[in-house]
Amino acid sequence: MKSKISTLLGLLGAATASAQGLYYVGSEAQESLPLKWVVGANVTYDDNVSPGFGPKEDSFGLNPYVGLSFVSITPQTTLDVYARLGLIYYFDQPTVGNSEDLNSQSRAGFNITHRFSERLRLSSRNFISYELEPDYSYGYASSRQLGEYFYWQTDNSLGFRWTERFATYTGFRLTGADYDLANNDRFTWELYNQLRYQLGPQTVLTGDYRYSETTGDGFASDSTDQYMLLGVEHRFSPNTIGIARAGVQLREVDQGSDSTSPYVELALNSQVTQQFSVRAFTRYGIESYDTVRSVPGGTVEYSDRRTLRFGLASEYAISPMLSVFGGVDYVPASFGEGRQVGPGAPNLSDRDEDIINAYIGLSMKFNDFLTGTASYNYTDSSSDFLNNDYDRNRFSLGLSAEF
């Protein structure tokens, strides 16, 4: 029993660390992989290259990229490195604002876990991106921004198994987001502590306390958030793990109103069969991003932006050469406790915004080196804010080589 408990604490323990995305369930790489390079390009057609910022414009584009990945596993240390550097070039430059025809589509990550002993381990997860489109699964973007954004996060935690059944994780997380537009930049530091109790061979009970402070840009106020959560992590099978946490969020806004809200985090990762895999997440709470909005008569900052984020992604291997993939993101948000910022006499009433993003695609492996892809992406935004009602269709054909 002791070996099973130790193994489960190791497998589930990393779940307290923030991941590169809300799909993360704490899993580490299971085998070493040599340095692998990938070079490729996508040809795209976008029927709304600047949604929400002016007249609807379409354009073909080219997205070349180069990437690498490397995994090293020893009895003491797991190292996982990946990067993808790319560009997207629109043949017809958007005419809205300072939109460019050439933008970055790049991201990289560096994760390391070091086991000092059977009881003590250090985990560091680091991510950086500089790109054009929002990735809804990372939990900070909601709508298309005009221009590239720079986002980074570093999460470092120390875990200690005090007894056969009881362990703790204590960590420090830094997050930054930098946009071309004013009022959108944010910097957050967060301290957290998680208590973990091994209920059985497949189940861990958790208790979390998190404290964070966010510095806002421009009209955006600084804010403080506290989270008190209870949760459970359960491995339904060797290939399926689920995580659920729920509790309360206490939010204080320097220039606005204080709020209290339920807070929920759910994540599921399952290799249903050898051919079929599914991932899903849900998060609900008050968010600090994108809280300064233009409304008739001026500009308003909303102290209480309650957001639900739901994501589902799946892949099915029809054959060793052909796979189909798809997914959907749903992000409804309600904006309350508005206050006037800047000149004018804006309407301070509460507002709502819903975003649905869905995609489907095919991947064909021509040989051991070449892979082709074809995909379609649809986005629909329904919003009470100015110019934020739009729909968008994107088509992409790509070819990549691995070596």
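By convention here, the first residue in the shown sequence is residue 1.
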* Could you tell me which residues satisfy side-chain hydrogen bond (donor to acceptor under 3.5 Å, both in side chains) with Lys56, sequence neighbours excluded, listed by chain and number? => Asp391
* Asked: So, Tyr192 and Glu190: side-chain donor and acceptor under 3.5 Å apart, yes or no?
  -> no
* Asked: Do any pairs count as a side chain to side chain donor-acceptor pair (under 3.5 Å) and have a residue in residues 59-76, sequence neighbours left out, and if so which ones?
  -> Asn42-Asn63
* **Partners passing salt bridge (charged side-chain N to carboxylate O under 4.0 Å, His left out) against Arg107 (at least two apart in sequence or in another chain)** => Glu131, Asp135
* **All side-chain contact (heavy atoms from CB on, under 4.5 Å) counterparts of Asp80, not counting sequence neighbours** => Val71, Tyr82, Asn111
* Asked: Looking only at atom types and distance, does a side-chain atom of Gln105 sit under 3.5 Å from a main-chain N or O of Leu132, one as donor and one as acceptor?
  -> yes
* Look at Arg392 together with Asp46 and state whether they make a salt bridge at an N to O cut-off of under 4.0 Å. => yes
* Is it true that Glu233 and Arg245 make a salt bridge, defined as a side-chain N closer than 4.0 Å to a carboxylate O? -> yes
* To do: Please say whether the positively charged group of Arg125, taken as NZ for Lys or CZ for Arg, lies over the ring of Tyr24, i.e. under 6.0 angstrom from the six-membered ring centre and within 45 degrees of the axis.
  => yes
* To do: Indicate whether any N or O donor in one side chain lies under 3.5 Å from an N or O acceptor in the other, for Tyr130 and Asp178.
  => no
* Asked: Just by distance, with hydrogens left out, do Ser261 and Ser259 show a side-chain donor and acceptor under 3.5 Å apart?
  -> no
* Structure fact -> Closest non-hydrogen contact found for Arg115 with Pro75 is NE-O, 3.4 Å
* Would you say the side-chain atoms of Asn388 and Ser381 include a donor-acceptor pair closer than 3.5 Å? -> no
* Asked: Do the charged groups of Arg305 and Glu301 touch, with an N to O distance under 4.0 Å?
  -> no
* Any donor-acceptor pair under 3.5 Å linking the side chain of Arg339 with the backbone of Gln255? -> yes
* Which pairs with one or both residues in residues 342-352 pass salt bridge (Lys or Arg N to Asp or Glu O under 4.0 Å), sequence neighbours excluded? -> none
* Working for side-chain contact (heavy atoms from CB on, under 4.5 Å), residues Tyr169 and Arg196 -> CA-CA 8 Å; Tyr169 265 86; Arg196 304 177 60 80; 3.8 Å; yes
* Asked: Between Ser106 (side chain) and Gly86 (backbone), is there a donor-acceptor pair under 3.5 Å?
  -> yes
* Tell me, please, which residues at least two apart from Arg119 pass side-chain hydrogen bond (donor to acceptor under 3.5 Å, both in side chains). => none
* Asked: Which residue pairs pass the ring pair (Phe, Tyr, Trp, His ring centres under 6.0 Å) test when at least one of the two sits in residues 269-307, sequence neighbours left out?
  -> Tyr23-Phe281, Tyr302-Phe335, Tyr302-Phe385
* Asked: Going by the ring pair (Phe, Tyr, Trp, His ring centres under 6.0 Å) test, which pairs reach into residues 363-383, not counting sequence neighbours?
  -> Tyr376-Phe395
* Asked: Under the side-chain hydrogen bond (donor to acceptor under 3.5 Å, both in side chains) test, which residues partner Ser124, sequence neighbours left out?
  -> Asn126, Asn156
* To do: Hey, can you tell me if Tyr151 and Tyr138 have their rings parallel, tilted or perpendicular (30° and 60° cut-offs)?
  => perpendicular
* Asked: Is there a donor-acceptor pair under 3.5 Å between the side chain of Glu353 and the backbone N or O of Ile355?
  -> no
* Structure fact -> Those residues at least two apart in sequence (or on a different chain) that pass side-chain contact (heavy atoms from CB on, under 4.5 Å) with Tyr211 are Trp189, Tyr209, Glu213, Thr224, Gln226
* To do: Please answer whether the main-chain N or O of Gly200 pairs with a side-chain N or O of Gln198 as donor and acceptor at a distance below 3.5 Å.
  => yes
* Asked: Will you find, in the side chains of Asn48 and Glu57, an N or O donor that is under 3.5 Å from an N or O acceptor?
  -> no
* Would you tell me whether Ser157 and Arg173 have side-chain atoms, one donor and one acceptor, within less than 3.5 Å of each other? => no
* Got a donor-acceptor contact below 3.5 angstrom from the Gln249 side chain to the Ile286 backbone? -> yes
* Asked: Sequence neighbours excluded, which residues qualify as side-chain contact (heavy atoms from CB on, under 4.5 Å) partners of Ile356?
  -> Val328, Tyr330
* Quick one: side-chain contact (heavy atoms from CB on, under 4.5 Å) partners of Ser375, sequence neighbours excluded? -> Phe325, Ser396
* Asked: If only atom types and distance count, is the side chain of Glu148 paired as donor or acceptor with the main-chain N or O of Ser104 below 3.5 Å?
  -> yes
